[in-house]
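All heavy atoms count here, side chains included; hydrogens, waters and symmetry mates do not. As the structure lists them, so they are numbered: ligands from 1, and atoms in each ligand from 1. For clarity, every value in this text was computed on a predicted model and none was experimentally measured.
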Amino acid sequence: MEQVKNFIGGQLTDSQSSRISSIFNPATGQVVRQVALSTTHETQHAIESAHLAFTEWSKTSPLKRARIMFKFKSLLEENCDRLARLISEEHGKIYSDAVGELTRGLEVVEFACGIPHLQKGEHSANVGTGVDSHSLMQPLGVCAGITPFNFPAMVPMWMFPVALATGNTFVLKPSEKDPSLSIELAKLLQQAGVPDGVFNVIQGDKEAVDVLLTDPRIQAVSFVGSTPIAEYVYTTASAHGKRCQALGGAKNHSVLMPDADIDMAANAIMGAAFGAAGERCMALSVVLAVGDEIADKLVEKLRHQIGHMSVGTGITEGKENDMGPVITEQHKAKICDYIRSGVEQGAKLLVDGRGYQVAGYENGYFVGPTLFDYVTPDMKIYKEEIFGPVLAIVRVPDYDTALNLVNYHEYGNGAAIFTRDGETARQFSEDVQAGMVGVNIPIPVPMAFHSFGGWKRSIFGPLNVHGNDGVRFYTRMKTVTSRWPASVRLEHHDSSFVMPTME
Ligand code: NAD
């Protein structure tokens with residue numbers, strides 16, 4: 001059986017670990033590859049290789065680093081079809097959604113192509129007589145990225161293009177559930193001209209992660225995954241003196257106002273709730289319908305549309321499915337447990353996705369689209385992240401109740417409002433406690449030149465990923481203040497013993 005390798009110092013290497021994890025095709029339930037969970041020693045080896053490569057890479061001109069990013073971008077485009085198929089095989093998402101995730105990752109590469117401009121710092125002439133100041137945005141050293149299963153291409157590309165372009169070296173620890181993409185990205189980076197050791201991949205689990213969080217050669221850690229692990233990563237990395245950004249889970253709410261364009265809203269809600277089988281951190285899992293009238297209209301439209309959805313394999317010969325399977329058998333069981341608890345706690349189950357069968361793929365991890373009405377805030381299906389194709393409708397009497405619910409929820413990744421009223425939308429954008437807000441847009445994922453990140457327990461650390469925050473995260477500022485002696489023209493000044501102020 002093929003085993004996914006590590007990529008250390010420019011070489012594909014086999015792990016010697018005896019701990020092996022299986023990689024499944026979620027549509028068939030069959031093992032397609034295996035991956036060894038790397039040892040502490042192997043992880044240290046990857047860090048050492050990045051450490052050794054740092055000095056030369058950090059001194060390479062930003063212009064040259066940008067040219068490598070341009071080349072990497074073209075290689076990603078040339079290989080898009082092959083990569084999308086691989087994502088779909090190990091993750092289960094439909095082909096065009098895999099292309100979409102590659103595109104969003106590619107946009108961060110495009111952003112990183114502009115690094116000579118982004119990293120050029122600031123300059124002030126004559127801050128004092130004959131004194132100039134300029135700032136340098138210098139790379140940190142070895143940076144680590146630890147990534148989740150749900151975006152095996154995009155989430156690593158939220159991190160390493162900016163980290164590498166700013167002059168850092170990198171060790172990526174991808175999810176052990178769909179790790180093959182990481183190696184394909186490493187090979188393309190090498191082909192684009194990234195020197196050996198600058199980008200490394202270590203396959204593994206907690207053992208590898210713990211080395212990355214504690215090794216003194218690692219300067220910064222970027223993490224994306226579930227909230228309990230994000231919190232652990234943030235506290236451990238910070239306790240070891242590292243810069244850390246750790247993005248966690250979500251429960252994204254959408255407020256449906258009585259004046260909303262109901263057709264537009266229903267279409268948007270369908271895609272946002274059930275796209276990628278709900279396995280997106282920006283998936284929409286709660287609709288707060290303001291008033292029974294709009295709630296009834298929404299329910300009618302969603303039931304109709306759900307009835308026409310096709311659930312099946314991510315890759316098809318003919319017409320594409322709308323939704324694929326979820327990632328593992330265990331995750332499928334967890335989602336079904338949530339559905340059971342919703343019923344037990346009194347929510348009204350309008351569409352039940354349990355027991356969904358796809359002909360010819362009886363062992364696949366399929367859960368059909370599931371719709372609950374009359375969900376209340378005390379229920380488990382309201383409070384917790386399900387990360388599956390389950391949508392909860394909560395009926396609320398007015399806008400203020402809706403806003404308070406969004407704001408009291410422990411997560412604050414994304415939030416959206418559907419309305420025709422500009423003033424309500426403006427007020428919502430101002431008052432809502434979430435990092436990314438959509439107005440008649442259900443999944444408000446910022447473009448690469450803005451930054452991505454939530455609020456509350458959806459993120460730990462002050463800086464978001466990509467955009468200007470990404471550049472700030474992967475660089476540290478040094479400010480140089482200089483005066484040049486004008487030996488022949490001016491007399492020398494005497495020493496000064498007071499706090500320097502610019503005269
Ligand atoms: P996860 O937290 O289980 O795993 C994420 C990474 O952490 C993986 O690389 C995994 O190997 C590692 N890991 C797992 N357990 C660990 C432990 N005990 N100690 C150290 N490392 C550990 O997350 P997942 O199931 O792969 O991904 C789904 C989660 O990611 C969801 O909660 C989703 O909301 C979140 N997510 C968030 C964002 C965001 O931008 N906020 C984006 C994508 C996914």
Side-chain angles (χ1 to χ4, degrees), residues 4 19 21 23 26 35-38 40 43 90-93 101 104-105 108 144-159 171-179 181-182 201-214 221-237 244-252 276-285 326-328 330-332 334-335 338 384-388 410-414 434-436 443-446 451-461 463-467 469-470:
V4 182
R19 294 189 307 124
S21 184
I23 304 160
V35 64
L37 305 172
S38 301
T40 296
T43 312
E90 291 188 358
H91 176 282
K93 65 178 71 176
E101 104 155 74
R104 296 308 300 254
V108 184
I146 302 155
T147 53
F149 79 83
N150 67 323
F151 287 111
M154 182 184 79
V155 170
M157 283 197 276
W158 280 353
M159 304 170 180
V171 179
L172 172 65
K173 205 302 285 171
S175 169
E176 61 276 37
K177 294 183 185 125
D178 47 9
L181 236 284
S182 62
V201 181
I202 191 84
Q203 309 293 353
D205 61 354
K206 181 171 166 52
E207 180 171 342
V209 170
D210 283 344
V211 179
L212 297 173
L213 301 182
T214 54
V221 175
S222 301
F223 172 89
V224 176
S226 59
T227 288
I229 312 297
E231 189 165 27
Y232 167 75
V233 164
Y234 184 75
T235 49
T236 311
C244 185
Q245 52 182 186
L247 282 67
K251 191 84 181 173
N252 303 305
E279 291 176 326
R280 290 181 183 142
C281 63
M282 289 295 277
L284 178 64
S285 41
V326 300
I327 186 75
T328 55
Q330 294 81 347
H331 192 51
K332 176 180 168 176
K334 192 173 156 196
I335 295 167
Y338 272 113
E384 297 180 14
E385 180 183 43
I386 301 175
F387 220 54
E410 76 167 300
Y411 296 118
N413 222 31
M436 294 167 281
I443 307 189
V445 177
S451 298
F452 181 108
W455 281 18
K456 299 189 272 183
R457 285 176 64 75
S458 292
I459 197 167
F460 300 86
L463 289 172
N464 291 348
V465 290
H466 63 67
D469 266 14

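Residue contacts with ligand 1 include Gly248, since one of its heavy atoms falls under 4.0 Å from the ligand.
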Q | Test log, rule side-chain hydrogen bond (donor to acceptor under 3.5 Å, both in side chains), inputs Glu384 and Tyr338 | A | CA-CA 9 Å; Glu384 297 180 14; Tyr338 272 113; 2.6 Å; yes
Q: Check the pair Glu231 / Arg457 against salt bridge (charged side-chain N to carboxylate O under 4.0 Å, His left out), numbers first and verdict last.
A: CA-CA 8 Å; Glu231 189 165 27; Arg457 285 176 64 75; 3.0 Å; yes
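Of the protein's heavy atoms, none falls inside 4.0 Å of atom 4 (O) of ligand 1.
Here the heavy atom of the protein found nearest to atom 38 (C) of ligand 1 is Cys281 CB, 3.1 Å. Looking only at protein heavy atoms, the nearest one to atom 28 (C) of ligand 1 is Phe387 CE2, 3.6 Å. At the top of the distance list for atom 26 (O) of ligand 1, counting protein heavy atoms only, stands Phe149 N, 3.0 Å. Thr147 O, 3.2 Å is the protein heavy atom nearest to atom 8 (C) of ligand 1. Regarding atom 15 (N) of ligand 1, its nearest protein heavy-atom neighbour is Ile229 CD1, 3.6 Å. Atom 35 (C) of ligand 1 has Gly225 O, 3.1 Å as its closest protein atom, hydrogens excluded (heavy atom only). With respect to atom 40 (O) of ligand 1, the closest heavy atom belonging to the protein is Phe452 CE2, 3.0 Å. The protein heavy-atom contact nearest to atom 32 (O) of ligand 1 is Glu385 OE1, 2.6 Å.
For ligand 1, the atoms closer than 4.0 angstrom to any heavy atom of Asn413 are 41 (N). If you number the atoms of ligand 1 from 1 as listed, the ones under 4.0 Å from a heavy atom of Ser226 come out as 1 (P), 2 (O), 23 (O), 29 (C), 30 (O), 32 (O). Atoms of ligand 1 lying under 4.0 Å from at least one heavy atom of Val209, given by number and element, are 20 (C), 21 (N). Of all atoms in ligand 1, listed by their number and element, those nearer than 4.0 Å to a heavy atom of Asn150 are 43 (C), 44 (C). Contact atoms of ligand 1 toward Trp158: 40 (O) (distance under 4.0 Å to a heavy atom of the residue).
In this structure, Thr235 contributes its side chain and Tyr232 its backbone to a donor-acceptor pair below 3.5 Å. At least one donor-acceptor pair under 3.5 Å links the side chain of Asn252 to the backbone N or O of Ala283. With Asn413 contributing its side chain and Cys281 its backbone, the two residues share a donor-acceptor pair below 3.5 Å. Remark: side-chain polar atoms of Glu176 are not paired, donor with acceptor, to backbone N or O of Leu37 under 3.5 angstrom. Under a 3.5 Å cut-off, the side chain of His91 and the backbone N or O of Ala276 do not form any donor-acceptor pair. The main-chain N or O of Ala250 is found under 3.5 Å from a side-chain atom of Glu385 such that the two form a donor-acceptor pair.
Ion pair Asp205/Arg19 flagged as a salt bridge, since at least one NZ, NE, NH1 or NH2 atom sits closer than 4.0 Å to an Asp/Glu carboxylate oxygen.
Counting heavy atoms under 4.0 Å from ligand 1, residue Arg280 does not touch it at all. Counting heavy atoms under 4.0 Å from ligand 1, residue Val465 does not touch it at all. Only the side chain of Glu176 comes within contact range of ligand 1, with a heavy atom under 4.0 Å; no backbone atom does. When heavy-atom distances to ligand 1 are checked against a 4.0 Å cut-off, Ile459 has no atom that comes that close, whether in backbone or side chain. Using a 4.0 Å cut-off between heavy atoms, Tyr411 makes no contact with ligand 1 at all.
With sequence neighbours excluded, no residue forms a side chain to side chain donor-acceptor pair (under 3.5 Å) with Glu279.
Between Lys173 and ligand 1, an N or O atom pair is found at a separation short of 3.5 Å.
Asp469 places none of its side-chain heavy atoms less than 4.5 Å from the side chain of Phe452. Side chains of Gln203 and Pro174 form a contact here, defined as non-hydrogen atoms less than 4.5 Å apart.
Separation of atoms OG (Ser222) and CD1 (Ile146) is listed at 8.5 Å; rounding is to 0.5 Å.
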